[in-house]
Every structure is written in C-alpha cells, then in structure tokens.
Amino acid sequence: MKAGEIKAAAEKKLFVGKKIKVFNFAKDKNGAVVLRKTRTGTVTGIYPYIFTAIFKGGYTESFRYNQLFEKSGEVVKT
C-alpha cells in the first residue's frame with residue numbers, strides 16, 4: 001500500500017475519541033512470536049502522517065498509520 005492509501009484507509013476507521021488497543025509482540029528464545037504487553041487508549045489527534053493517543057496514566061503516544069496493518073512488532077487495532 002502507498003502512504004496515501006494507508007492514510008485513507010486509516011481515516012475511515014479512526015477519529016478523535018475512538019478507543020484503540022496496542023499489542024507489543026516479540027520473539028522468545030526459541031524464535032516463537034509471543035504477546036508481551038497490551039494497552040488501551042483513546043485517539044486524541046489525527047495528523048497527515050501520524051495519529052496520537054492518550055493512555056491510562058496520562059501519557060500520550062504517536063503511531064504511524066501503517067501500524068494498523070502490521071502483523072508483528074507494535075500493532076494497533078481499532
């Protein structure tokens with residue numbers, strides 16, 4: 001997907017106030033992919049290349065739109 005297509009697809013799913021879940025995946029010592037951490041937040045801003053979300057504890061984090069489509073690493077789901 002090109003950057004414009006990713007942004008257009010993401011904007012249909014994302015809006016300010018939308019709840020998101022962020023999953024952190026990693027490989028264990030045997031090479032298997034395991035879920036390390038899950039956190040839930042609320043979208044606070046949508047910008048041309050990124051979107052921001054606030055999480056419990058009051059911290060804000062930024063994400064690229066293509067993280068909505070990734071399968072490993074840090075994955076964002078709406």
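Nothing here was measured: the structure is a model prediction, and the numbers come from that model.
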Could you pull out all residues at least two apart from Y59 that satisfy ring pair (Phe, Tyr, Trp, His ring centres under 6.0 Å)? F55
Nearest heavy-atom pair of Q67 and R64: which atoms, and what distance?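 Reported closest heavy-atom pair: OE1-N, 2.9 Å.
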Within one Ile-Leu-Val-Met-Phe-Trp-Tyr cluster: [X] and [Y], side-chain cutoff 4.5 Å:
| X | Y | result |
| --- | --- | --- |
| V22 | L35 | no |
| V33 | F23 | yes |
| F25 | L68 | no |
| I46 | I20 | yes |

Tell me, please, which residues at least two apart from R39 pass salt bridge (charged side-chain N to carboxylate O under 4.0 Å, His left out).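 Salt bridge (charged side-chain N to carboxylate O under 4.0 Å, His left out) check on R39 returns E61, E74.
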Straight-line distance of I50 CD1 to Y65 OH, nearest 0.5 Å: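 Rounded to the nearest 0.5 Å, the CD1-OH separation comes out at 8.0 Å.
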What's the spacing between F51 CZ and F15 CZ if we round to 0.5 Å? 12.5 Å
Restricting to side-chain hydrogen bond (donor to acceptor under 3.5 Å, both in side chains), what partner residues turn up for T44, sequence neighbours left out?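 Applying side-chain hydrogen bond (donor to acceptor under 3.5 Å, both in side chains) to T44 gives T52.
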What residues form a side-chain hydrogen bond (donor to acceptor under 3.5 Å, both in side chains) with K19, not counting sequence neighbours?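 Testing K19 for side-chain hydrogen bond (donor to acceptor under 3.5 Å, both in side chains), a comparison that skips the adjacent residues, returns T42.
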Salt bridge (charged side-chain N to carboxylate O under 4.0 Å, His left out) contacts touching residues 41-60 (sequence neighbours left out):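 Qualifying pairs, neighbours excluded: none.
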What pairs with N30 under side chain to side chain contact (heavy atoms under 4.5 Å, CB included), at least two apart in sequence or on another chain? D28
